[in-house]
Amino acid sequence: IGKVLKENTGVKKIIFKCSKSNRSSHRQILHKVVMGLKENKYIKHIEIHNATIDHEMASWLVPSFAHNKTIQHISLINCTFIGAGISILCVALQHNKYIRHLCFNSCDWDEHNTDTMAASRPFLALHSLSLIGINIVEDSWSYLLQNIELSKDIIMLDLSQNDFDAKQINLLTKCLK
């Protein structure tokens, strides 16, 4: 698959779903697929489900995410981020001005990952950002929304399935003005 993706001209979206019971096998397959994406000039949308993204997996994704000029949309769904995984991805994404849509849906990440995403936001050329059901901790809301407020390029923001209290609603209201 990795070899075919280097030359494929028809596929515009690739969806990769890892099995929760056989993650080690899927890690190796995903690694090979991602290597093919690095040189693919046609795929615009990548969707990865149920992957465990640690520093090793993130390092595999970096060449495709940082240098591919056709990928515009990245969705990570039900993924678990461990250690420096999100930090490595955010650094890679900062080098690609073609990625316009970034989605984290029901991902499990630690309390500092929201701050990492917020710090990276000014360096990303995103038009849409979805942080759906990702357990944003109370202390991170302010920093995240301040960085989104400074982003004039964002035209779609999805924060659904996160817990809001009155303080976060006030911050969000200020951000949207």
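The shown structure was predicted, so the numbers you read here are calculated from the model rather than taken from an experiment.
Remark: the backbone N or O of L126 is not paired with any side-chain donor or acceptor of D153 at under 3.5 angstrom. A donor-acceptor contact shorter than 3.5 Å is absent between the side chain of D110 and the backbone of I82. Side-chain atoms of N162 come within 3.5 Å of backbone N or O of L159 as a donor-acceptor pair. Not a single donor-acceptor pair under 3.5 Å links the side chain of R100 to the backbone N or O of H73. Counting only distance, with no hydrogens or angles, the side chain of N147 and the backbone of Y143 share a donor-acceptor pair below 3.5 Å.
Judged purely by distance below 3.5 Å, without hydrogens or angles, the side chains of S140 and D115 pair a donor atom with an acceptor atom. If you check the side chains of T114 and H112, you find no donor sitting under 3.5 Å from an acceptor.
The 12-atom threshold is not exceeded at NZ of K174, counting heavy atoms of other residues, nucleotides or ligands nearer than 6.0 Å. Within a 6.0 Å radius of CG in D163, no more than 12 heavy atoms belonging to other residues, nucleotides or ligands are found. Summarising the local packing, CZ of F164 is surrounded by more than 12 heavy atoms from other residues, nucleotides or ligands at distances under 6.0 Å.
A continuous path of ILVMFWY side-chain contacts below 4.5 Å connects I14 to F16, so both sit in one hydrophobic cluster. In terms of hydrophobic clustering, with Ile, Leu, Val, Met, Phe, Trp and Tyr side chains grouped at heavy-atom distances under 4.5 Å, V11 and I71 are assigned to a common cluster.
Taken to the nearest 0.5 Å, the CD1 atom of I134 stands 12.5 Å off from the SG atom of C79. Atom CG of residue L76 and atom OG of residue S106 lie 12.0 Å apart, to the nearest 0.5 angstrom. Rounded to the nearest 0.5 Å, atoms CZ (F81) and CD1 (I88) are 11.0 Å apart. The CG atom of N50 sits 6.5 Å away from atom SG of C18, with the distance rounded to the nearest 0.5 Å.
Of the residues I74, N113, L131, I77, the one that meets the side-chain contact (heavy atoms from CB on, under 4.5 Å) test with F104 is L131.
Using bins of under 30°, 30° to 60° and over 60° for the plane-to-plane angle, the ring pair H101/H127 lands in the perpendicular bin.
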